[in-house]
Trainee: 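First the structure, which I've put down as structure tokens, then a few questions once you've had a look.
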Amino acid sequence: MNKKKKPFLGMPAPLGYVPGLGRGATGFTTRSDIGPARDANDPVDDRHAPPGKRTVGDQMKKNQAADDDDEDLNDTNYDEFNGYAGSLFSSGPYEKDDEEADAIYAALDKRMDERRKERREQREKEEIEKYRMERPKIQQQFSDLKRKLAEVTEEEWLSIPEVGDARNKRQRNPRYEKLTPVPDSFFAKHLQTGENHTSVDPRQTQFGGLNTPYPGGLNTPYPGGMTPGLMTPGTGELDMRKIGQARNTLMDMRLSQVSDSVSGQTVVDPKGYLTDLNSMIPTHGGDINDIKKARLLLKSVRETNPHHPPAWIASARLEEVTGKLQVARNLIMKGTEMCPKSEDVWLEAARLQPGDTAKAVVAQAVRHLPQSVRIYIRAAELETDIRAKKRVLRKALEHVPNSVRLWKAAVELEEPEDARIMLSRAVECCPTSVELWLALARLETYENARKVLNKARENIPTDRHIWITAAKLEEANGNTQMVEKIIDRAITSLRANGVEINREQWIQDAEECDRAGSVATCQAVMRAVIGIGIEEEDRKHTWMEDADSCVAHNALECARAIYAYALQVFPSKKSVWLRAAYFEKNHGTRESLEALLQRAVAHCPKAEVLWLMGAKSKWLAGDVPAARSILALAFQANPNSEEIWLAAVKLESENNEYERARRLLAKARSSAPTARVFMKSVKLEWVLGNIAAAQELCEEALKHYEDFPKLWMMKGQIEEQGELMEKAREAYNQGLKKCPHSTPLWLLLSRLEEKIGQLTRARAILEKSRLKNPKNPGLWLESVRLEYRAGLKNIANTLMAKALQECPSSGILWSEAVFLEARPQRKTKSVDALKKCEHDPHVLLAVAKLFWSERKITKAREWFHRTVKIDSDLGDAWAFFYKFELQHGTEEQQEEVRKRCENAEPRHGELWCTVSKDIANWQRKIGEILVLVAARIKNTF
């Protein structure tokens, strides 16, 4: 009985149907989920499968590619404008209307394509041609050579060398066993060891065994390396001279054997053999294989294109470098035959040939190239006799009359009168050569030179040098009023002829005039061009830079002219007057400085510094009344100016007019009372020995200016001088309450405690000072030195490390740290110091002292120069420099250091201030203080 067939069998499954979901069978994995159980490299069952389908992996790739062809309707493949990337309906049926639509679209595309077809094809063709030109195929590069293969004969074809070995370097050059000759030192060493065993201890001979007739072989009648010829008599040393002689003898024997051949003729010259060997040693540093390759390549180039001059020159130079000079000469002579019109080949041939042959070569070259200037010059160089040189150059000028180089070479050989005649002809032949016109003008008289320069200007209206030479000529003949006119006309004329006035070039010309001694021309050029091409607001800045540049180039008159012009434009600028005054002070005379300062104070009466410079200049010249009158005028212009009051006091006190100084200070205290005026009043009484008056004034000053630390310092020092330590301590403590940030006050109090033996208290004071003034190098340095003076070097080193952590860029700490190190470590420490503080004068001074301690005198002097240049106000650097020159320099060097120090007028430095601020040295000049400080220095570093 047939069962009724189920209605759903053979029908497609409904949408969303998952088999087994109804009975819960969805948690397991089948083979279709995880892929085949075979490896991708396993072969397929079909053993005759075609390539690309022989493994399981290949089959999977094919299936994957087929899947990829299906349409991809993912969102990432969709574009708003173009739609899906692929054909959206490619899987649908292709009907007749689809075919018609495709035909219409294809016709449209074809029509659109035809419209631009010619233009596009032309562009593509051009691009391809351009690409082929830039990157030609190897086939195209060798096409010309291939065509020439038709001309190659069978013999030439067979003579082509074999292709080089294509194997790698290790296969081509297998390592053979290397045999190294035994050095002579080896023989010497073993002979000495042999000598040690030639004698036997007598005690050993008593007990047998060593007393045989031939003991050990070392004492045999013929002991190998100890033959009589190789040991010098009386010593056990190896005689190298005798070994050399033995080698020469052996060589002679071998040569004599070779020299007689079967026929009895000498084959080898025994005497010249070694000399020839030396000449065969190549002098180049290249590999022999490289030279062979180069030779082969150059040969190929020569044969391919025999009329190419560089190939012949390169070939000759290669042979010259490898020591084959004759081959090089032969090659280059062949080159002259193949390239007779090449100047370079002839010059190379002349260079390679010896003297007379070179002359013959050059003569031949002249016949082929009668217009070549370089060949004529070479011909003149080859001649040793002056007359012959003149003859060659005159012959050359007949053929090439318009060559400036030939005219210059010919004129240089002539006497002045003949040179003048030649130059007059030269300027006719070469009217556009400025050098020839100027050379002629120099040789002519004043009147003729003017005519020559006028002609030169007509012929070359665009050259500035002719105008400048004309100005120099007028100045040299005393017509200085013409110089300014000539330079002005020059600039007008050059502009009219379309020449751009280059300011930098004209300034360089002015500097050259300055160096040549043409001062008026130099100043006229500067005045004419200094304002060209500069914005109005940049003028002052640019001119000051120009002046500094001129000073650096040692063109002082140019700088003076710039300052003069700047002062005309800016008569009321104090900064310009100051710079001009400092320039005159450093590079001018006292008279020029005073004249400038008189003009300066007339224009800037409120500039105190200008008045003071003028007064100081007069005082240094010994003219005290004039200095007083300048200060009196300064008082009128600047009433109650502290600086001028103090300058007047200093002038009187320096000239021993103490009563006048007292009266001036009293007036100043009443009319312009300031802390400095009071301080100077106290100091005057103190240095004159009026201690009571000084203390009284100090008390009065402290009532008004209790926050001025120098007054507290002076009060404490006066008490300390009178051995009143308690009062001094009290003064310092009071001062520190009012001025807790004054480093010198802390240092004075600490040193006072140390002086009376209270080391612990001194240490506590310094710690307290460091808390109130963090990151203060001076206080850290004193703490380190305190421990060092107390003999606690370990603590000093620890403190120094802490100090450098807190103040890593303090030069004074680094300079001290260098000398705290042991000698071997100082150099390393100094390098660290220079890295941290490259331009600090204390570090530079420490390095100079380090070189001094190592007796490297030249380096030390160089570093001292650097130090005083970078900070000329550091008195300690000058003192150490002077001490160094006293020990290692000449008197001139010592005097130079002293003068430079006096000009620099240093005011700072630890040692310097100790001496200069000592009451006993209050009237000492800079030079005297320098000597005193240098005398205190002991080179214990």
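Along the sequence shown, the residues carry numbers beginning at 1.
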Trainee: Should the heavy atoms of other residues, nucleotides or ligands under 6.0 Å from NE2 of His888 be counted, would the total exceed 12?
Mentor: yes

Trainee: List the residues meeting side chain to side chain donor-acceptor pair (under 3.5 Å) with Arg761, not counting sequence neighbours, and say none if there are none.
Mentor: none

Trainee: Under the salt bridge (charged side-chain N to carboxylate O under 4.0 Å, His left out) definition, can you give me all pairs with a residue in residues 704-717, not counting sequence neighbours?
Mentor: Glu699-Lys715, Glu706-Lys738

Trainee: Does Asp873 use its side chain to pair, donor to acceptor, with the backbone of Arg907 at less than 3.5 Å?
Mentor: yes

Trainee: Under 30°, 30 to 60°, or over 60°: which ring-plane class applies to Phe884 and Phe864, parallel, tilted or perpendicular?
Mentor: tilted

Trainee: Quick one: do the Arg866 and His839 side chains pair a donor with an acceptor below 3.5 Å?
Mentor: no

Trainee: Heavy atoms, side chains only, cut-off 4.5 Å: are Arg936 and Thr914 in contact?
Mentor: yes

Trainee: Run the side chain to side chain contact (heavy atoms under 4.5 Å, CB included) check on Trp814 and Lys829 step by step: do they pass?
Mentor: CA-CA 8 Å; Trp814 276 108; Lys829 199 74 172 177; 4.1 Å; yes

Trainee: Identify the two heavy atoms, one from Cys837 and one from Pro808, that lie closest to each other, and give their separation to 0.1 Å.
Mentor: SG-O, 4.5 Å

Trainee: Does Ser575 have any side chain to side chain donor-acceptor pair (under 3.5 Å) partners at least two apart in sequence or in another chain, and if so, which?
Mentor: Lys540

Trainee: Verify whether one side chain among Ser783 and Arg770 offers a donor that lies under 3.5 Å from an acceptor in the other.
Mentor: yes

Trainee: Check this for me: Tyr788, atom OH, are more than 12 non-hydrogen atoms of other residues, nucleotides or ligands nearer than 6.0 Å?
Mentor: no

Trainee: Taking Trp912's backbone N and O only, do any of them form a donor-acceptor pair with Ser916's side chain (distance below 3.5 Å, no angle check)?
Mentor: yes

Trainee: If you compare all heavy atoms of Ala817 against all heavy atoms of Leu804, which two are closest, and at what distance to 0.1 Å?
Mentor: CB-CD1, 4.1 Å

Trainee: Against Arg729, only a single residue in Gln758, Glu753, Glu719 fulfils side chain to side chain donor-acceptor pair (under 3.5 Å); can you say which?
Mentor: Glu753

Trainee: Rounded to the nearest 0.5 Å, how far does CG of Leu820 lie from CZ of Arg826?
Mentor: 9.0 Å

Trainee: When you compare the side chain of Asn903 with that of Arg900, does any pair of heavy atoms fall below 4.5 Å?
Mentor: no

Trainee: Please determine whether salt bridge (charged side-chain N to carboxylate O under 4.0 Å, His left out) holds for the pair Arg763 and Glu782, giving the CA-CA distance in whole Å, both sets of side-chain angles, and the decisive distance to 0.1 Å.
Mentor: CA-CA 10 Å; Arg763 196 177 284 131; Glu782 186 61 25; over 6 Å; no

Trainee: Which atom pair, heavy atoms only, marks the closest approach of Gly927 to Glu902?
Mentor: CA-OE2, 3.5 Å

Trainee: Contact between Asn773 and Trp746 at the side-chain level, heavy atoms closer than 4.5 Å - yes or no?
Mentor: yes

Trainee: With a 4.5 Å cut-off on side-chain heavy atoms, are Thr867 and Phe881 touching?
Mentor: no

Trainee: Checking Asn776 now: which residues fulfil side chain to side chain donor-acceptor pair (under 3.5 Å) with it, not counting sequence neighbours?
Mentor: Thr743

Trainee: Using every non-hydrogen atom in the two residues, find where Tyr882 and Gln894 come nearest and quote the distance to one decimal.
Mentor: CE1-O, 3.6 Å

Trainee: Side chain to side chain donor-acceptor pair (under 3.5 Å) with Glu838: which residues, sequence neighbours excluded?
Mentor: none

Trainee: Using a distance-only test with no angle check, is there a side-chain donor-acceptor pair under 3.5 angstrom linking Glu700 and His704?
Mentor: no

Trainee: Taking side chain to side chain donor-acceptor pair (under 3.5 Å) as the cut-off, I'd like each qualifying pair that reaches into residues 792-812, sequence neighbours left out, listed once.
Mentor: Trp780-Glu806

Trainee: Just wondering, are more than 12 heavy atoms of other shown residues or ligands nearer than 6.0 Å to CD in Glu928?
Mentor: yes

Trainee: Could you tell me if Tyr732 and Glu720 have a donor-acceptor pair between their side chains, going purely by distance under 3.5 Å?
Mentor: yes

